[in-house]
Protein chains: 2
Amino acid sequence: MSESTRTRLSAGERRNQLVEIGRKTFAEKGYDATSVEEIAERAKISKPVIYEHFGGKEGLYAVIVDREMEYVISRISAAISEGTPRERLEGAVMAFLLCVQDRPDGFAVLQRDSPTNTGMANLLADVGDQVSNVFASEFKKAGYDRRAAPLYAQAIIGMVAFVAQWWQENPKMAVEEVGAHVLAMIWLGLRDLPKEPDQPARPADYP
Amino acid sequence: MSESTRTRLSAGERRNQLVEIGRKTFAEKGYDATSVEEIAERAKISKPVIYEHFGGKEGLYAVIVDREMEYVISRISAAISEGTPRERLEGAVMAFLLCVQDRPDGFAVLQRDSPTNTGMANLLADVGDQVSNVFASEFKKAGYDRRAAPLYAQAIIGMVAFVAQWWQENPKMAVEEVGAHVLAMIWLGLRDLPKEPDQPARPADYP
DNA sequence: GGAGTAAGTTACGTGCGAGTAAGTTACGGT
DNA sequence: ACCGTAACTTACTCGCACGTAACTTACTCC
């Protein structure tokens, strides 16, 4: 069977193709503005195929979001699994930025609004809770106000997410540089900004 | 004419009522998920009235967004009009937080996605450019890397916007406290967090 | 009190997009 | 070669929500 003659794809191949095309399309136009028809067109098939595989528009969307979340979470989890607190933070920030760099469409999908409010909101809420817990115990140790822990967690997350978005639209810097600046701001504060911040090593154990 | 008997409103009153109801509804459900029908229902009138006043759904939305942006921008502008750089930054942050506190629905509307991508994206882009310019000149003076100025601008904006959102969902702290923490983080960096950050005065010359 | 206008209603047209039923074509095994 | 199944298409239904045309009711000012 020659590749060029091939018209029909297997179930698995079709699923993967549709997830990819769907991700790109949702990233470009958002959930509501994307029609099932359009995704079908881009994939050069007809609508019912999508219903066959995913049960409907929401089904496809759910699969896309789920995969993206899984991807981001697994990378961040790997990055914060060990090391000093500072190394873990650096790892998490760099992991996130690398996700954005490697899968811009996925990031875009997660950032947009969705029907069942799954997406970035949930992801960031989760991450926020995690970070917040770490902070709470550290704050307690250091005698700071524990109630403020979630605030600082949110602040850091917002900072990173926003910088990532800006960076995606103005991709003139290397990941390492972006990460270095963000981390510098987190650790040192604006007042003592270094002229050339240290560049944390890019984790090597991820594709 | 007794107030209780009054059924018909004047054009201006109706406009204001619809803007208010529209803001609340769009804030709750987002642009797409809100139907003209529903807004009409909540206002206890019929659909064509809205078309009469605003020409359509987008027209109403545009007016709402415009008013909200105007409101936020005017407050921030007033806050950064004079003082030392630090006072200006404090003023801007506090002004923004007070906007969120005073008009939560407006903030919600601006944050959501919209048809013509007006909204928070544009607002923050504008503010970002402003802040970025200030930073660029300061950075030059201090010998830092000028290209990084927009990054730090975005970082601060993202931080404030995210904290604001979190605070809206967990309104357990006073504005002054939230502002103090955010500003502490900006100025001092995480490493030297004070146990009880200074509380900047709330600007008195705004309603 | 009645004409004129502003405010508001009912009842529709229209289009688009989600979802489906029934029929058709390629492919793979025997 | 041919049968069965999995992949795919054509051709619809249905409902919702934007927008509009034509009509009706309340208010105001002489």
Side-chain angles (χ1 to χ4, degrees), chain A residues 1-26 28-65 112-116 118, chain B residues 1-22 24-65 112-116 118:
Chain A
M1 174 214 291
S2 97
E3 284 296 326
S4 62
T5 313
R6 172 196 213 72
T7 60
R8 279 146 130 92
L9 296 177
S10 77
E13 290 170 320
R14 190 58 86 191
R15 266 182 81 92
N16 285 330
Q17 183 212 16
L18 289 175
V19 166
E20 251 178 71
I21 292 177
R23 187 176 52 226
K24 198 177 296 182
T25 313
F26 284 131
E28 278 172 23
K29 329 202 2 173
Y31 182 82
D32 287 301
T34 300
S35 74
V36 176
E37 194 67 54
E38 180 174 354
I39 296 176
E41 257 174 45
R42 292 206 195 186
K44 296 191 200 302
I45 48 146
S46 64
K47 235 186 341 171
V49 175
I50 294 175
Y51 287 87
E52 185 61 33
H53 285 294
F54 302 99
K57 193 183 183 181
E58 292 214 12
L60 173 58
Y61 189 78
V63 170
I64 292 170
V65 168
R112 288 177 176 276
D113 261 27
S114 63
T116 46
T118 160
Chain B
M1 173 215 294
S2 96
E3 284 296 326
S4 62
T5 313
R6 173 197 212 73
T7 59
R8 278 147 132 91
L9 296 177
S10 77
E13 290 170 320
R14 190 58 86 191
R15 266 181 81 90
N16 286 330
Q17 182 211 18
L18 288 175
V19 166
E20 252 179 71
I21 291 177
K24 198 178 296 183
T25 313
F26 283 131
E28 279 173 22
K29 328 200 3 171
Y31 181 82
D32 287 302
T34 300
S35 74
V36 176
E37 195 67 55
E38 179 174 355
I39 296 176
E41 258 175 45
R42 292 206 196 186
K44 295 191 200 303
I45 49 145
S46 63
K47 235 185 343 168
V49 175
I50 294 175
Y51 288 87
E52 186 61 34
H53 285 293
F54 302 98
K57 192 184 184 181
E58 291 213 12
L60 172 58
Y61 189 78
V63 171
I64 292 170
V65 168
R112 286 177 177 277
D113 260 342
S114 63
T116 46
T118 160

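So you know, we letter chains A, B, ... as the sequences are listed, proteins then strands, and number each from 1. As the structure is a computational prediction, the values presented were derived from the model and not from experiment.
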Gap between atoms CZ and P, on B/F26 and D/dA17 respectively (whole Å): 13 Å
A/R112 side chain vs A/Y31 backbone, donor-acceptor pair below 3.5 Å: no
Nucleic acid contacts - residues 42-49 of chain B versus DNA chain C, non-hydrogen atoms under 4.0 Å: B/I45, B/S46, B/P48, B/V49
Separation of atom CD in B/E52 from atom P in D/dC23, rounded to whole Å: 17 Å
A/R23 (side chain) donor-acceptor with A/I64 (main chain) under 3.5 angstrom: no
Nearest-Å distance for atom pair CZ/P, residues A/R15 and D/dA7: 12 Å
Considering only nitrogen or oxygen atoms on both sides, find all protein atoms under 3.5 Å from nucleotides 2-6 of chain D and state each distance.
none

Distance, nearest 0.5 Å, that separates CZ of A/R14 from CD1 of A/I21: 8.0 Å
B/K29 NZ to D/dC16 P, straight-line distance once rounded to whole Å: 13 Å
Polar side chain donor-acceptor pair, A/S10 to A/E13, under 3.5 angstrom: yes
Spacing between A/L60 atom CG and C/dA18 atom C1', to the nearest angstrom: 14 Å
Rounded distance (Å) that lies between atom P of D/dT9 and atom CD1 of A/I50: 11 Å
Whole-Å gap separating P (D/dT9) and CD (A/E41): 12 Å
Basic-acidic side-chain contact under 4.0 Å: A/R42, A/E38: yes
Distance test, side-chain N/O of A/R14 to OP1/OP2 of D/dC8, below 4.0 Å: yes
From CA spacing to verdict: side-chain contact (heavy atoms from CB on, under 4.5 Å), B/Q17, B/E20: CA-CA 5 Å; B/Q17 182 211 18; B/E20 252 179 71; 5.9 Å; no
Given C/dA18, C/dG8, D/dG19, the nucleotide with the shortest approach to the side chain of B/Y51: D/dG19
Length of the line joining A/E37:CD and D/dA11:C1', which is rounded to integer Å: 12 Å
Shortest non-hydrogen separation from B/L18 to B/A43 and the atoms involved: CD2-CB, 3.8 Å
Intermediate values then yes/no, side-chain contact (heavy atoms from CB on, under 4.5 Å), A/F26 and A/V65: CA-CA 10 Å; A/F26 284 131; A/V65 168; over 6 Å; no
Heavy atoms from other residues, nucleotides or ligands near CD of B/E28 exceed 12 (cutoff 6.0 Å): yes
